[in-house]
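This report refers to the structure that appears directly beneath it.
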Amino acid sequence: MLSLMFILPVSWAKTGSPAPMPEQVKLSDRGIHSASDPQIMKARQQRGISPQNISPSDISQNSSPVEPQGANQPHQGKALSKEQRQLALQAQAYFTRYRHANTGLVDAVAGYPHLTLWDIASIISAELAMEALALQSPQQTERHLKALLRTLKTMPLYQDQLPNRQYDAKTGLPSGPYSQTKYQGNGWSALDIGRLLIWLHILEEQKPQFSGAISQIAKRWQLKRAVHQGTLYGMKLSRGKQYYRQEGRLGYLQYAATGFVLFGFKLEQAFSWDHIQTVNVQTVKSDSHDLLIDERNLPYFTSDPYVLYALEITAKQPWWQQIDAIYAMHRQHYLTHQQLYAFAEDAMDRAPWFAYNNLYYYQQPWLSTSSGGQPIETGQTLSHKVGLGFSVLFDDPFATQLQQQVIRNAQHHHYIPTGQYEDGGINRAYNINTQALILLSLWYQQRGHAILDAVHLQSTHQHSH
């Protein structure tokens, strides 16, 4: 999620949107440490989390995980090609240029020194991926992450409860509305926090020496404030009034809730079938797909949470994980229209500056909207980050075409551009989440399976709050 949040009228679907950008917007892999590592066990016990067991059904409560039906199954892993290596170097260049050494934070959009907790999770994923891909040494990674964790331990919290919706990357202080008031910001996003918890958990597994710092962060943050009635709640301060409302729609909600589950919370309602229905989405007469949709307001439906879950968590598919259907919808569109689509949320280098490129939104397939839900006439149809994510999760000619197009579009750019518009123009809103997801996808390819696989999940902690 890019920086500067927006107000949704009733509840928040998936919060996170950038402020309008100026017109001139500019090999060997490490194994996962065992959850029984003494440092990890001690740190988790100190924060009241039992290291005994958590099964895939705990990660997807009220669900029946099944093996993936598509091509996104664990495999042996594959070394990067020359072209992929170039992509990795371009992504690394962004972090080198826009990282602030004193805070460990990175500009969310090139030249825009603010970011959200969603973006901070992307920093952690990118730092670990760059080390795994031999782009930087373990010492460099640990230096960067030490600064980042120090910032997370000391950053001012909204009403001394939870992190604000956005921070200044240069100082680590709250930014945006009400940041200079007694509130120290304008609220928190439970979805952003949930994604960061996933990556703090992964970081603890990858580098147990940071367990103590992660425990200090988890103890300082009043995480229970973001959990209410078995689901996620966010806080928004607007015009002097605080709004505490349910946050997250299908896909985004379950993905972020997974982070809270990994830190010991029970969120049965977040993983329930309430407000969910199946629709048959017909794009042309000969092309239809059954998709699960959220019946609540502003049900933004992009590929992002499904791709992230498959790359980061596990190839197991709980009931809400519909990446196979989403991929099939994209592939069929290509076979029918010879157009490469990869619909995702992304920053833009033209108004309205940020878009949810929805697979389905209020009875319409393939609809790009602004952060307020207004349709965009000429939206982005190919997201480079999700396109590359699809290409490492699946293995077929369409996946190959996606990856080749991402590589072609990235040529002659210092950093990886965000995507391609429907009119063929390149989206040059260079941003942290594009670079980070590219690096994560290449790390996934090298590993051959998700960063937290199903075997690992069976030995993780669980504790009821």
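- With sequence neighbours excluded, no residue forms a ring-ring contact (aromatic ring centres under 6.0 Å, His included) with Tyr362.
- One N or O on the side chain of Thr418 and one on the backbone of Ala429 form a donor-acceptor pair closer than 3.5 Å.
- With sequence neighbours left out, the salt bridge (charged side-chain N to carboxylate O under 4.0 Å, His left out) criterion links Asp168 to no other residue.
- Glu142 pairs by the salt bridge (charged side-chain N to carboxylate O under 4.0 Å, His left out) definition with Lys207, not counting sequence neighbours.
- With sequence neighbours excluded, the residues forming a side chain to side chain contact (heavy atoms under 4.5 Å, CB included) with Ala328 are His289, Arg331, listed by chain and number.
- For Tyr415, the ring-ring contact (aromatic ring centres under 6.0 Å, His included) criterion is met by Tyr94, Tyr98, Tyr430, not counting sequence neighbours.
- In terms of modelled atom types and a separation under 3.5 Å, the side chain of Asp294 and the main chain of Leu250 share a donor-acceptor contact.
- Not one N or O on the side chain of Asn409 forms a donor-acceptor pair closer than 3.5 Å with the backbone of Val406.
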Inset, instruction - Dump the intermediate steps for side chain to side chain contact (heavy atoms under 4.5 Å, CB included) on Ile426 and His413, then the final yes or no. - result: CA-CA 11 Å; Ile426 298 299; His413 291 263; 4.2 Å; yes
Inset, instruction - Dump the intermediate steps for side chain to side chain contact (heavy atoms under 4.5 Å, CB included) on Arg350 and Thr378, then the final yes or no. - result: CA-CA 10 Å; Arg350 60 174 72 163; Thr378 306; 4.0 Å; yes
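- Contacts of Phe398 classified as ring-ring contact (aromatic ring centres under 6.0 Å, His included), with partners at least two apart in sequence or in another chain: Tyr327, Tyr334.
- Residues that satisfy the salt bridge (charged side-chain N to carboxylate O under 4.0 Å, His left out) test with Asp304, not counting sequence neighbours, are Lys385.
- By the 30° and 60° cut-offs, the orientation of the rings of His337 relative to His333 is tilted.
- Remark: the backbone N or O of Ala355 is not paired with any side-chain donor or acceptor of Asp346 at under 3.5 angstrom.
- The side-chain hydrogen bond (donor to acceptor under 3.5 Å, both in side chains) check on Asn357 picks up Ser368, with sequence neighbours excluded.
- Taking the side-chain hydrogen bond (donor to acceptor under 3.5 Å, both in side chains) definition, one finds that Arg408 meets it with Gln405, sequence neighbours left out.
- A donor-acceptor pair is defined here as one N or O able to donate and one able to accept, closer than 3.5 Å; no such pair exists between the side chain of Glu131 and the backbone of Thr141.
- Gln140 meets the side chain to side chain contact (heavy atoms under 4.5 Å, CB included) test with Gln136, Ser137, Arg143, His144; sequence neighbours excluded.
- Thr381 meets the side chain to side chain contact (heavy atoms under 4.5 Å, CB included) test with Tyr341, Phe343, Glu422; sequence neighbours excluded.
- Under the side chain to side chain contact (heavy atoms under 4.5 Å, CB included) criterion, Ala121 pairs with Arg195, Leu196, Trp199, sequence neighbours left out.
- Between Ile451 and Leu440 there is a side-chain heavy-atom pair separated by less than 4.5 Å.
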